[in-house]
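All residue numbers refer to positions in the sequence shown, counting from 1.
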Amino acid sequence: MKIKEIIIVEGKNDTQKLKRYFDCDTIETHGMHLSKKTLEMIRQAQKKRGVIIFTDPDAPGEKIRTRINQHVEGCKNAFIDKKKARTTKKVGIEHASEEDLKESLEHLLTYSENLQPTLSWSEFLELGCSGKADSSQRRRKLEEYLHIGKSNGKTLYKRLNMLQLNQQECLKILEDKQ
């Protein structure tokens, strides 16, 4: 499978794993050390070929993803469930199967500051995805169905708006998944 965009990963093990299954190019952030030079390289790659941010499903991976999305407009984002990318001791995309990596790369989410929200915060709260006893289960249903990675309430709200989903569409997903 040939991937046109350049995939942004955290390290060389991620690159090796992806190149085993896909015809792709990567840029490595070297973990949390995301230099200005690397950010500029990502910005240039986005202009020429587009980029897909595919960081580990953990807190450092989310910080790297957030930083890149804030500095480079229009990045595509691939997410993988933590359960699908772990060993008994480590978490990372280098531990995922070919099938799970492919599925993640087929469900991309594009980050843009210019999108108008389709879901207000009050509508989001009405969905029960924040501030309720079962909020984490409700968030998980949406995350799994949409392939958008594990998130807290605020992050899920942002990702639902990135997908341009409204309250009715979210309710349908929550009801279908019960």
Side-chain angles (χ1 to χ4, degrees), residues 1 3 5 7-10 14 17-18 21-22 50-88 90-178:
M1 179 173 152
I3 298 174
E5 298 89 351
I7 303 174
I8 312 305
V9 296
E10 292 181 47
D14 300 325
K17 183 71 169 208
L18 290 172
Y21 303 123
F22 308 105
V51 298
I52 299 170
I53 303 170
F54 199 10
T55 54
D56 294 343
D58 57 11
E62 273 304 307
K63 286 181 182 175
I64 295 165
R65 178 187 305 279
T66 299
R67 186 160 175 223
I68 294 169
N69 277 320
Q70 288 173 340
H71 287 85
V72 182
E73 177 69 26
C75 294
K76 293 178 182 175
N77 289 258
F79 299 91
I80 191 161
D81 191 287
K82 196 179 256 189
K83 289 182 220 162
K84 295 178 179 179
R86 73 175 324 145
T87 64
T88 54
K90 294 185 177 183
V91 172
I93 64 170
E94 75 267 23
H95 305 300
S97 71
E98 177 182 7
E99 182 182 315
D100 291 333
L101 292 170
K102 188 174 187 222
E103 182 180 13
S104 295
L105 290 166
E106 288 173 348
H107 295 91
L108 300 174
L109 176 63
T110 302
Y111 179 82
S112 176
E113 291 285 341
N114 299 325
L115 293 175
Q116 293 299 314
T118 52
L119 181 68
S120 71
W121 182 251
S122 62
E123 290 172 328
F124 179 75
L125 292 175
E126 287 172 14
L127 291 170
C129 293
S130 186
K132 305 272 187 196
D134 67 340
S135 292
S136 63
Q137 289 104 353
R138 296 177 73 77
R139 286 194 303 270
R140 194 77 187 136
K141 287 177 186 176
L142 288 165
E143 294 159 356
E144 287 176 359
Y145 183 85
L146 299 167
H147 302 275
I148 57 175
K150 188 164 172 38
S151 57
N152 61 22
K154 188 175 178 183
T155 302
L156 178 61
Y157 171 71
K158 189 179 209 177
R159 289 179 184 166
L160 292 173
N161 275 306
M162 286 167 65
L163 288 169
Q164 296 286 275
L165 293 172
N166 62 36
Q167 186 182 34
Q168 291 74 30
E169 292 166 321
C170 293
L171 272 173
K172 184 170 178 4
I173 293 167
L174 288 169
E175 290 168 0
D176 286 349
K177 292 290 285 176
Q178 289 181 4

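- The backbone N or O of Glu123 sits less than 3.5 Å from a side-chain atom of Gln167, completing a donor-acceptor pair.
- Side chain of Lys17 to main chain of Ala96: a donor-acceptor pair is present (N/O by atom type, distance under 3.5 Å, no hydrogens or angles).
- Side-chain atoms of Asn166 never come within 3.5 Å of backbone atoms of Leu119 as a donor-acceptor pair (strictly under, hydrogens ignored).
- Annotation for Pro57 and Ala85: closest pair CG-CB, 4.1 Å, computed over non-hydrogen atoms.
- Looking only at side-chain heavy atoms (C-beta outward), Lys150 and Lys82 stay at 4.5 Å or farther from each other.
- The CD atom of Glu5 lies 9.5 Å from the CG atom of Leu105; values are rounded to the nearest 0.5 Å.
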Quick one, Leu160 with Thr118, criterion side chain to side chain contact (heavy atoms under 4.5 Å, CB included). Give me CA distance, side-chain angles, the key distance, then yes/no. CA-CA 8 Å; Leu160 292 173; Thr118 52; over 6 Å; no

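- Within the 4.5 Å cutoff, the side chain of Thr110 has no heavy atoms near those of the Asn77 side chain.
- Residues Ile68 and Val51 have side chains not in contact (no heavy-atom distance under 4.5 Å, counting atoms from C-beta outward).
- For Tyr157, the ring pair (Phe, Tyr, Trp, His ring centres under 6.0 Å) test picks out Trp121, Phe124, with sequence neighbours left out.
- In this structure, the separation between CG on Asp14 and NE2 on His95 is 8.5 Å, given to the nearest 0.5 Å.
- Taking OG from Ser135 and CG from Leu125, the interatomic distance works out to 8.5 Å, rounded to the nearest 0.5 Å.
- By the neighbour-count criterion of 12 heavy atoms within 6.0 Å, atom CD of Glu99 is sparsely surrounded, having that number or fewer from other residues, nucleotides or ligands.
- Arg159 is linked by a side chain to side chain donor-acceptor pair (under 3.5 Å) to Glu62, counting only residues two or more places apart in sequence or in another chain.
- Contacts classified as side chain to side chain donor-acceptor pair (under 3.5 Å) and involving residues 50-60 (residues at least two apart or in different chains) are given here: Thr55-Arg65.
- Looking only at distances, no side-chain donor or acceptor of Glu144 sits under 3.5 Å from a matching main-chain atom of Lys141.
- Nearest heavy-atom pair across Asn69 and Cys75 is OD1-CB, 3.4 Å.
- The CZ atom of Arg139 lies 12.0 Å from the CG atom of Leu127; values are rounded to the nearest 0.5 Å.
- Here the side chains of Glu143 and Arg140 are in contact, with some heavy-atom distance below 4.5 Å.
- In this structure the side chain of Leu146 never reaches within 4.5 angstrom of the side chain of His107, judged on heavy atoms.
- You'll find the side chain of Arg138 stays beyond 4.5 Å of the side chain of Lys132, heavy atoms only.
- With hydrogens and angles ignored, the 3.5 Å screen pairs a side-chain donor or acceptor of Gln164 with a backbone N or O of Gln116.
- Between Arg67 and Ile64 the shortest side-chain heavy-atom distance does not fall below 4.5 Å.
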Does Glu98 form a salt bridge (charged side-chain N to carboxylate O under 4.0 Å, His left out) with Lys102? I'd like the steps, not just the answer. CA-CA 6 Å; Glu98 177 182 7; Lys102 188 174 187 222; over 6 Å; no

Is there a side chain to side chain contact (heavy atoms under 4.5 Å, CB included) between Lys172 and Gln168? Walk through the geometry before answering. CA-CA 6 Å; Lys172 184 170 178 4; Gln168 291 74 30; over 6 Å; no

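- Pairing each heavy atom of Leu142 with each of Cys129, the nearest pair is CD1-SG, 3.7 Å.
- In this structure, the separation between NE2 on His147 and CG on Leu109 is 12.5 Å, given to the nearest 0.5 Å.
- Looking at Phe54 and Leu101, their side chains come closer than 4.5 Å, going by heavy atoms from C-beta outward.
- A donor-acceptor contact under 3.5 angstrom links the side chains of Asn152 and Thr155, judged on distance only.
- Separation of atoms NZ (Lys84) and CG (Asp100) is listed at 5.0 Å; rounding is to 0.5 Å.
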